[in-house]
4 protein chains.
Amino acid sequence: MSTTPQNPQPPRTGGRIRNEDAHHSVLEATAALLVENGYGALTIEGVAKRANVAKSTVYRWWKSKPALVMDAYAHETATRVPEPDTGTLEGDLTAFAADLYAIGRDPVRAKALTGLMAEAQLDSAFAEAFRAWVRTRRELVGRLLTRALARREIPAGTDLTHATDLVFGPFWYRLLVEHAPLDPADAEAHVRTVLQGLERRE
Amino acid sequence: MSTTPQNPQPPRTGGRIRNEDAHHSVLEATAALLVENGYGALTIEGVAKRANVAKSTVYRWWKSKPALVMDAYAHETATRVPEPDTGTLEGDLTAFAADLYAIGRDPVRAKALTGLMAEAQLDSAFAEAFRAWVRTRRELVGRLLTRALARREIPAGTDLTHATDLVFGPFWYRLLVEHAPLDPADAEAHVRTVLQGLERRE
Amino acid sequence: MSTTPQNPQPPRTGGRIRNEDAHHSVLEATAALLVENGYGALTIEGVAKRANVAKSTVYRWWKSKPALVMDAYAHETATRVPEPDTGTLEGDLTAFAADLYAIGRDPVRAKALTGLMAEAQLDSAFAEAFRAWVRTRRELVGRLLTRALARREIPAGTDLTHATDLVFGPFWYRLLVEHAPLDPADAEAHVRTVLQGLERRE
Amino acid sequence: MSTTPQNPQPPRTGGRIRNEDAHHSVLEATAALLVENGYGALTIEGVAKRANVAKSTVYRWWKSKPALVMDAYAHETATRVPEPDTGTLEGDLTAFAADLYAIGRDPVRAKALTGLMAEAQLDSAFAEAFRAWVRTRRELVGRLLTRALARREIPAGTDLTHATDLVFGPFWYRLLVEHAPLDPADAEAHVRTVLQGLERRE
DNA sequence: CGCTAACCGAGACGGTACGTCAAGTCTTAAC
DNA sequence: GTTAAGACTTGACGTACCGTCTCGGTTAGCG
């Protein structure tokens, strides 16, 4: 979607090099406008104007508004969080959930995520890409759960799909509806409740 | 938002009577287009054309696209489900969740809900109205939980907000992401897991 | 066009009596709006609202905007000016022109006339009716000139059409373009110039 | 108002070059529709459709309907008539009036002029621009008269405003009312009558 | 060192839908 | 059967962005 981290050797033979400043100013303009006016009011035209860049320059590097926003999101995250491995499921999930809930504190990431979720509802082509991205996130949690299964922390036969939903569902629900704040400090209690629910009842 | 179920005797003194057929055809056109092309591709102009109705007629009765979709959703639901009261929290929540999950089987309602959630991310004015609607749904679950609290089915001090999120969160998450089907048959197991999580651990 | 001055005993057999107040308030609203916002901004809808009358009531009595404005114009003129007959062409024309130029002092009549002239350019159906009305005015001047011809005040063979144009043309031109004020005091000089132009040159 | 006859080297710094074909087809469509249906029925939307051009392209170059019509008028006139200078006022005015009356033979120019006069009555903002345009035409005649004054062809103290009105008034009046044809062959006689009217009567 | 490719800016272009407005017609209820 | 109220169809308004395109002008790196 972005062009930043792709094939390192495109078969180029010459030509003007890419203007890195333009890229940054576009991503920054995107982030700024996202926070100021929301995903709905974000337009490519507006981004270009704000970034002092030609509209065609934006279109050259990002083929659509969600692609642009995804890149702005990635640009914001910068350092990728490593997959937690504390030795216990509770520790892993708590660390993961705390990271997740921290997104609620970052307006750029929060607006980007909710905007992308909205876009996925509006544009079925993008929905596919979005679902794929969600899948990678779910798979991460899936690995934590599989390790816990091996350690017999949760019973065999546990519905891992539902278990994963219990982690992500409440997070997305709060992020989207904003009926209550997303506080990383709540992560521990929430995870504990979920884990207790998954235990084998004798 | 709608005009259908309001004061039965508006103080009218004259004037052409409202054309009920026009209303129905608009709502049906909305539902049809919603399912066929999705919320994003739904336009007032398209609805008017499909319903063989003037655009201004649509605007007279529904001031915006989300208002129209909300009415189409309500029109689809028709008979309101009563608040469940089976005597136990498990029974109540299972009934409630089964009803909820059944939405996933109804393309009109599913598309309407996901579209409205998207709209709430795009339009902060609508977000307010949407949040209010969500609140009424949460309050229903809140009443079930409060009754259970009185019956000592769940421990005093339970975080009711999180408990409610555990019911709605996974539902919305599946509805929006569509990574797994929403099956009413799963309601019982899901509710059991949540309730076990809420129990006091000695 | 109007309904005001017609058969005093219409063969009515029953039904609600016509509301004369409604008529007056419509005409007054028309005159007021004409002066306030000009012919272009005058709408039947606006007149109805200003007159506290239903739109359909306006449409019942006046079939179009120009018809309404013509009636408002007639209503303003009230007492019809008699055809001048002073014994000399100069006297007749000066009296006539002074009356004509006085219209420039009456905003309602001025706006009505210029508006109707505009309407005649926009709506070819109305142009016909307007031309007929203009013809009656020209015929009046034609009678003054014919009498003068009999009295040998102007030479036989005079182009009466052009002579009439020399009276009305500058009047309309000033009324429409407003490049210079229309002053009844100028009537005498203007008429004298025209008459001198019509004299037989040896 | 137009963009056609301006600075030959606009300081362009980039951007797609203007499509001259689109311009011509818009102006031709305007002229055609003007003649076919009249100024009143002329719509920007209709022009765009007829010219096979996007509505926004029309709006890009002409900010309003009168601006478009003025350009169509200018486009029709093409070669500007030079200010006449025959040595006598009678010759100058006859040449000028003959040119003027010739407009009556050209449906495009005639419809454009009457439409613009109508527009000036409807839209006070445009009236200003229209009045300015009229002023330039009047000033031309004013220069002819001033020269004649210097040559003592007309008496000192002549009311030049009224003299100018005697040239333009009858022309506009016939053009607008169409009670009689506008024939360039009449120009000579009309001018003679006016000039005789302006002579000093001893 | 010049060629060439790709970049960047500017902005025109054909489109689509927006939400508004008034036109003129029609239907109903009240008087 | 007039009057009031207002629902309805129709059509154009002027605006905002869309995504594509065509320019003029720049700036690498390869040969």
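Computed from a prediction, not measured in an experiment: that's the story for all the values here. Throughout, a chain's letter reflects where its sequence line sits, starting with A, and its residues are numbered from 1.
In terms of phosphate contacts, B/W61 brings a side-chain nitrogen or oxygen within less than 4.0 Å of OP1 or OP2 of F/dC8. Applying the 4.0 Å criterion to OP1 and OP2 of E/dA12, one finds that D/T57 has every side-chain N and O outside that range. Distances shown here put a side-chain N or O of A/R60 below 4.0 Å from the OP1 or OP2 atom of E/dC8.
Along DNA chain E, the nucleotide nearest to D/V53 and the one nearest to B/K65 differ in position, and the one closer to the 5' end is contacted by D/V53. Of the two residues contacting DNA chain E, namely C/T43 and B/T43, the nearest-nucleotide position lying further toward the 5' end is that of B/T43.
Computed from coordinates, the A/E20 CD to E/dC7 P distance equals 12 Å when rounded to whole Å. C/N37 places its CG atom 15 Å from the C1' atom of E/dA22, with the value rounded to the nearest Å. One can place NE2 of D/H23 at 9 Å from P of E/dA12, the figure rounded to the nearest angstrom. When the C1' atom of F/dC21 is taken as reference, atom OH of A/Y59 falls 13 Å away, rounded to whole Å. The nearest whole Å value for the distance from the CG atom in D/L122 to the P atom in F/dC13 is 14 Å. Nucleotide E/dG11 holds its P atom 14 Å from the CZ atom of D/R16, rounded to whole Å. As a whole-Å value, the separation of D/W62 CH2 from F/dC13 P is 15 Å. Atom P of nucleotide F/dA16 and atom CG of A/L33 are separated by 16 Å, given to the nearest angstrom.
A donor-acceptor pair under 3.5 Å is formed between the side chain of B/Q121 and the backbone N or O of B/M117. For the pair D/S124 (side chain) and D/A127 (backbone), a donor-acceptor distance under 3.5 Å is absent.
With sequence neighbours excluded, the residues satisfying side chain to side chain donor-acceptor pair (under 3.5 Å) with D/K55 are D/E45.
Between the side chain of B/K55 and the base of E/dG19 there is at least one donor-acceptor pair of N/O atoms closer than 3.5 Å. Scanning atom types as modelled, one donor and one acceptor separated by under 3.5 angstrom connect the side chain of B/S56 and the base of F/dT10.
Looking at B/W62 and B/L27, their side chains come closer than 4.5 Å, going by heavy atoms from C-beta outward.
Checking F/dT9, F/dT22, E/dG14 against every side-chain atom of D/A54, the shortest atom distance belongs to E/dG14. In the set E/dG14, E/dA10, F/dC8, the nucleotide with an atom closest to the side chain of B/N19 is F/dC8.
Put simply, OG1 on A/T57 and CG on A/N19 are 8.5 Å apart, with the number rounded to the nearest 0.5 Å.
Taking every heavy atom of residues 44-52 of chain A and every atom of DNA chain F, pairs under 4.0 Å involve A/I44, A/E45, by number.
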Sequence neighbours excluded and cut-off under 3.5 Å, please list the side-chain donor-acceptor pairs for residues 29-41 of chain A, or say none.
unit_1: A/T30; atom_1: OG1; unit_2: A/V26; atom_2: O; d: 2.8
unit_1: A/E36; atom_1: OE1; unit_2: A/R50; atom_2: NH1; d: 3.4
unit_1: A/E36; atom_1: OE2; unit_2: A/R50; atom_2: NH2; d: 2.6
unit_1: A/Y39; atom_1: OH; unit_2: A/E119; atom_2: OE1; d: 2.4

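Shown here for A/M70 and A/L116, the closest heavy-atom pair between the two residues is CG-CD1, 3.5 Å.
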